[in-house]
J.: 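Quick one: the structure is below, and I'll ask about it shortly.
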Amino acid sequence: MLNIVRVINPWSKKMGKVLIGNDYIPIIHISGHGGPNGIGLYEAMLGTDYNEQGKNFFTWEQLKWQLDRINNSCYPAILKSPIILCMSTCYGINATKCDNYSSPGNRAAHVIIGHDDTILWDDAHKAFNQFYLSLLRDCKTVSDAVTDMNSAIGTPNYFVAKYLY
């Protein structure tokens, strides 16, 4: 299940072009099991093995289609997506592959935050907790919040932010 988290943002000047108007930061946070070809949500797991055959496995192309539906419903007047896509999954930065299925000028998200390999659940939890504190409470930029999340787990450059435009 994909959820949009809308957070009232009194710090619009700090956040810049990630905002819709001056009111919201559109964030989608996906926590699941990831691999090079896509992500699997809870039922896509059989035992402890990653399963790309599960009914809730999304390829990057399928995720792009879902993000397009969100963008078209919530932001119909905007060609480029304003979404911050947080991938709390193994290989989460591979969500940038969604861009392979975009027409020119049409992007699935503004920025994707994730890791390029496997990740421990505890590290992801601690890192994203720090990310949201830095972004929302401390009014830091996305890039600075990613630096803070890496500091929280003691590993520089573990998570990265990839801007699609």
J.: Would you please test I30 and L63 for side-chain contact (heavy atoms from CB on, under 4.5 Å) and show each step?
T.: CA-CA 11 Å; I30 297 176; L63 180 59; 4.0 Å; yes
J.: Holding to side-chain hydrogen bond (donor to acceptor under 3.5 Å, both in side chains), I want the full list of residues that pass it with N129, two or more places apart in sequence or in another chain.
T.: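 N129 satisfies side-chain hydrogen bond (donor to acceptor under 3.5 Å, both in side chains) with no residue once adjacent residues are dropped.
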J.: Any donor and acceptor pair, going by atom type alone, linking the side chain of W65 with main-chain N or O of W60 inside 3.5 Å?
T.: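 Not at all, since once roles are kept as given, no pair shorter than 3.5 Å links the two residues.
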J.: Please tell me whether Y165 and H110 have a donor and an acceptor in their side chains that are separated by less than 3.5 angstrom.
T.: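 Indeed, the side chains of Y165 and H110 share at least one donor-acceptor pair under 3.5 Å.
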J.: Please name the pair of heavy atoms, one in L135 and one in K140, separated by the smallest distance, quoted to 0.1 Å.
T.: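 Smallest heavy-atom distance, with atoms named: CD1-O, 3.4 Å.
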J.: Given the rule that I, L, V, M, F, W and Y join up when any side-chain heavy atoms are under 4.5 Å apart, are L133 and I27 in one cluster?
T.: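 No, separate clusters.
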J.: Looking at H29 versus Y132, is the centre-to-centre ring distance below 6.0 Å?
T.: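 Under 6.0 Å, so yes.
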J.: Measuring from atom CD1 of I113 to atom SG of C86, what distance do you get when rounded to the nearest 0.5 angstrom?
T.: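 It is 4.0 Å, given to the nearest 0.5 Å.
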J.: Using every non-hydrogen atom in the two residues, find where A161 and V142 come nearest and quote the distance to one decimal.
T.: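 What the structure gives for the nearest pair is CB-CG1, 4.3 Å.
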J.: Do you know the tightest heavy-atom contact between Y163 and S143?
T.: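 Smallest heavy-atom distance, with atoms named: OH-OG, 3.3 Å.
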J.: Please tell me whether V160 and I28 are part of a single hydrophobic cluster in this structure, the criterion being side-chain heavy atoms less than 4.5 Å apart.
T.: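 They do share one cluster, since a chain of ILVMFWY contacts under 4.5 Å joins V160 to I28.
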J.: Please identify each residue that fulfils ring-ring contact (aromatic ring centres under 6.0 Å, His included) with F159, with sequence neighbours left out.
T.: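 Partners of F159 under the ring-ring contact (aromatic ring centres under 6.0 Å, His included) test: F128.
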J.: By the side chain to side chain donor-acceptor pair (under 3.5 Å) test, which pairs, at least two apart or in different chains, include something from residues 114-126?
T.: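 Those involving residues 114-126 are Y91-D117.
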J.: Can you name the side chain to side chain contact (heavy atoms under 4.5 Å, CB included) partners of T155, sequence neighbours left out?
T.: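 Scan of T155 (side chain to side chain contact (heavy atoms under 4.5 Å, CB included), adjacent residues dropped) gives I153, Y158.
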J.: For N150 and P156, work out which heavy atoms get closest and say how close.
T.: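 That closest heavy-atom pairing would be CB-CA, 4.2 Å.
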J.: Atom CG of L85 and atom NZ of K162: how far apart are they, to the nearest 0.5 Å?
T.: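 Here the interatomic distance stands at 13.5 Å.
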J.: Shortest non-hydrogen contact from N94 to G35?
T.: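 For N94 and G35, the tightest heavy-atom pair comes out as ND2-O, 4.2 Å.
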J.: Among all residues two or more places apart in sequence or in another chain, which pass the side-chain hydrogen bond (donor to acceptor under 3.5 Å, both in side chains) test with S134?
T.: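 With neighbours one apart ignored, the set is Q130, D148.
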J.: How many angstroms lie between atom CG of N71 and atom SG of C74, to the nearest 0.5 angstrom?
T.: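 Reported to 0.5 Å precision, the distance equals 7.5 Å.
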J.: Might you point out which heavy atoms bring A108 and L67 nearest each other, and give the distance in Å?
T.: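 That would be CB-CD1, 3.7 Å.
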J.: According to side-chain hydrogen bond (donor to acceptor under 3.5 Å, both in side chains), who are the partners of Q62, at least two apart in sequence or on a separate chain?
T.: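 With sequence neighbours excluded, Q62 shows a side-chain hydrogen bond (donor to acceptor under 3.5 Å, both in side chains) to T59, given in chain and number order.
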